[in-house]
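Encoded as structure tokens, the structure appears first; notes follow it.
Along the sequence shown, residues are numbered consecutively beginning with 1. As the structure is a computational prediction, the values presented were derived from the model and not from experiment.
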Amino acid sequence: LNLFDTDTIYKGVLALREDGSSSATTKTTSKSTSYKVSSSSVKKIKHTFDPKIKDTHFQFSGRPPFEKNVCKKKFKDFGVKRKKVMDLSICKENEVLVKFKSGINPVDVTQLTTLQMVQEKKFKRIKVYKYSFPASKDISNILEELQNSENIEYAEPNYRVFPNSEYAGNDYDPVFHEGSGEDDYHWPYVNMKIFEAWKIWTGSRNTMVAVLDTGVDICHEDFWENSYSDYYCRNNLHTPYDFARLVAAKYQGNIYMNHAEFNLWLANNDEGYGDPDTASNRDADGNGYEYDFYGWNFKDNDNESYNTCDDNHGTSVASLIAAHGNNQKAFSGVAQHITLLPMQILNNQCDAFYADEIIEATEYAGIMGAKIANLSSGGYVYTQAKKDMIDTYPNILFVASAGNDGNDNDLKPFYPSGYANLLLNEDESSSKNVISVLALDSKNQRVFTDWSSNYGKKTVEIGAAGNEVFTSMDGGSY
């Protein structure tokens with residue numbers, strides 16, 4: 001019988017931090033369940049349960065008990081440090097992320113050979129490796145072996161990460177103007193005082209914003225200055241030679257274009273006499289990504305960052321950031337003259353991705369010179385490697401969703417936005433370059449409809465328009 005929910009446990013832990021007491025009891029409205037809690041274990045002393053009681057409240061003032069439904073493995077130092085909590089039901093069953101201690105060469109770590117570990121990827125900037133192992137082996141045993149090694153700083157699952165995609169489409173075709181009504185689709189500009197902001201700044205091509213999402217329809221008309229460019233893009237997107245000519249001669253828009261890669265492709269093509277795909281050099285800028293013309297697809301590991309999934313989320317987010325202004329289209333993004341770097345991290349079903357993909361995408365954003373990264377995704381498990389990569393780029397501002405589950409993030413943290421304010425991870429410092437954002441409606445209230453935005457007095461920092469918002473959609477629509 002599972003009597004404990006994580007929200008209640010963490011609420012009690014927060015209470016402990018304020019009153020400093022050291023014992024814990026649980027109380028119900030009728031019969032009671034009592035526990036004695038020490039610093040190293042949870043010992044059950046007395047238990048009675050009345051099935052008629054549906055509303056059971058617990059108050060803790062010591063370390064919380066171990067909740068088996070959330071953590072499939074007991075840790076020696078389980079307590080208020082949430083990063084110790086591992087949910088092995090939402091990770092790749094045969095992959096782990098490992099960071100070795102300073103000065104350790106992975107080749108010399110005998111456990112890797114014993115456990116039949118195979119290196120799949122290395123993140124050089126944080127010195128973290130992704131390893132796979134035979135499916136016949138149990139991941140909990142693998143993790144225990146690695147965590148007990150004196151050569152390893154940490155080992156953790158390759159967690160699944162979920163999108164925050166609550167899309168509310170519409171068939172309106174508004175005329176853009178400085179409206180003031182609350183019921184039209186101009187309310188975000190009014191509530192967030194965008195018109196006043198534009199008098200100061202509308203963006204700069206030197207400011208690159210990375211969109212880590214479902215990919216972006218780079219041919220959408222509202223990312224271009226004229227319809228001819230949009231038409232030419234859509235009809236030549238899969239013909240690199242013609243598309244390269246477009247970039248070189250006619251391109252005026254907000255999507256990042258890697259001119260060095262295009263020029264290399266043209267040189268390797270040799271006016272049709274060469275084969276760019278078999279050329280010895282396919283990476284002009286040496287960043288490790290061949291022909292990354294306009295971002296990268298980290299799900300399929302190719303350069304088709306426009307290969308969006310079905311819910312249009314990446315294109316919608318990108319348009320809110322930087323739909324082109326003054327081009328006689330439907331609307332303008334809040335920073336209409338910046339440069340967008342599209343990245344696809346979600347699969348084509350748009351249901352999830354994994355920690356190693358967002359870690360690599362973060363690294364790519366840093367390599368390419370992004371100054372801001374938008375993260376509309378997350379989960380409730382702490383991933384040290386993901387935080388390490390974010391902290392590696394202190395000059396990038398990571399704007400992250402607070403989540404769409406209606407939860408109080410002070411009690412149940414949502415990451416990566418939760419890295420901004422780590423309430424219970426005393427041995428870790430908060431990431432100063434992360435902003436946690438909740439969704440607001442036209443009344444400037446937290447969205448609470450068929451879906452609800454997460455919130456948190458201490459963990460969520462700002463709100464932004466997030467429901468019934470007019471956006472661009474894939475295929476050139478709105």
Side-chain angles (χ1 to χ4, degrees), residues 10 13-14 17 80-86 97 99 123-128 153-154 156-164 207-213 298 317 321 341 343 345 353-404 407-439 453-464:
Y10 292 141
V13 174
L14 289 175
R17 288 171 57 83
V80 298
K81 298 176 183 177
R82 297 176 189 166
K83 68 179 181 181
K84 298 290 187 183
V85 179
M86 292 188 179
L97 301 176
K99 183 171 184 177
F123 304 104
K124 295 180 180 179
R125 284 163 178 77
I126 57 174
K127 299 179 181 178
V128 168
E153 185 172 326
Y154 62 77
E156 58 189 8
N158 187 12
Y159 280 118
R160 199 176 187 188
V161 184
F162 299 92
N164 292 323
T207 300
M208 179 186 290
V209 177
V211 181
L212 287 68
D213 213 286
F298 293 91
V317 168
I321 297 170
L341 179 65
M343 284 185 272
I345 54 176
F353 57 98
Y354 288 91
D356 68 301
E357 291 156 349
I358 194 170
I359 291 169
E360 186 177 3
T362 301
E363 185 175 47
Y364 180 80
I367 292 172
M368 302 306 289
K371 295 182 178 179
I372 300 172
N374 187 89
L375 299 169
S376 299
S377 57
Y380 294 97
V381 286
Y382 184 102
T383 303
Q384 185 65 51
K386 190 160 57 177
K387 183 180 185 300
D388 286 350
M389 185 61 81
I390 287 175
D391 291 345
T392 299
Y393 292 101
N395 294 328
I396 299 179
L397 178 63
F398 293 88
V399 183
S401 166
N404 292 345
N407 290 327
D408 184 345
N409 289 355
D410 288 1
L411 309 181
K412 187 176 183 180
F414 186 83
Y415 303 104
S417 62
Y419 297 141
N421 296 280
L422 296 175
L423 295 182
L424 299 184
N425 293 72
E426 287 88 349
D427 58 344
E428 288 288 341
S429 59
S430 299
S431 300
K432 304 303 181 184
N433 56 335
V434 176
I435 290 180
S436 178
V437 186
L438 62 77
S453 176
N454 288 5
Y455 58 97
K457 184 176 180 180
K458 298 179 181 179
T459 52
V460 179
E461 296 161 313
I462 63 173

Report the distance from atom [atom1] of [X] to atom [atom2] of [Y], rounding to the nearest 0.5 Å.
X	Y	atom1	atom2	result
Y415	K386	OH	NZ	10.0 Å
E360	I345	CD	CD1	11.5 Å
L411	K457	CG	NZ	12.5 Å
I321	I372	CD1	CD1	8.0 Å
S417	L375	OG	CG	9.5 Å
R125	T362	CZ	OG1	12.0 Å

Salt bridge (charged side-chain N to carboxylate O under 4.0 Å, His left out) pairs touching residues 390-400, sequence neighbours excluded, are K387-D391
Mind checking what makes side-chain hydrogen bond (donor to acceptor under 3.5 Å, both in side chains) contact with [X], not counting sequence neighbours?
X	answer
S401	N164
S377	none
D388	Y154, Q384
Y455	none

Identify, with sequence neighbours excluded, every residue that meets ring pair (Phe, Tyr, Trp, His ring centres under 6.0 Å) alongside Y380.
-> F414
State, to 0.1 Å, how close [X] and [Y] come at their nearest heavy-atom pair, and which atoms those are.
X	Y	value
L212	A361	CD2-CB, 3.7 Å
Y393	M389	CD1-O, 3.5 Å
G366	I396	CA-CD1, 3.6 Å
N454	L438	O-CB, 3.4 Å
P416	I390	CB-CD1, 4.0 Å
I126	A385	CD1-O, 3.5 Å

Intermediate values then yes/no, side-chain contact (heavy atoms from CB on, under 4.5 Å), V317 and N374 | CA-CA 9 Å; V317 168; N374 187 89; 3.4 Å; yes
For the side chain of N409 and the backbone of V460, is there at least one donor-acceptor N/O pair under 3.5 Å apart?
-> no
Less than 4.5 Å apart, any side-chain heavy atom of V399 and any of V209?
-> no
Does any donor atom in the side chain of N421 or S430 lie under 3.5 Å from an acceptor atom in the other side chain?
-> no
Steps toward side-chain contact (heavy atoms from CB on, under 4.5 Å) verdict (T383, Y419) | CA-CA 10 Å; T383 303; Y419 297 141; 3.8 Å; yes
So, for F353 and F298, is the gap between ring centers shorter than 6.0 Å?
-> no
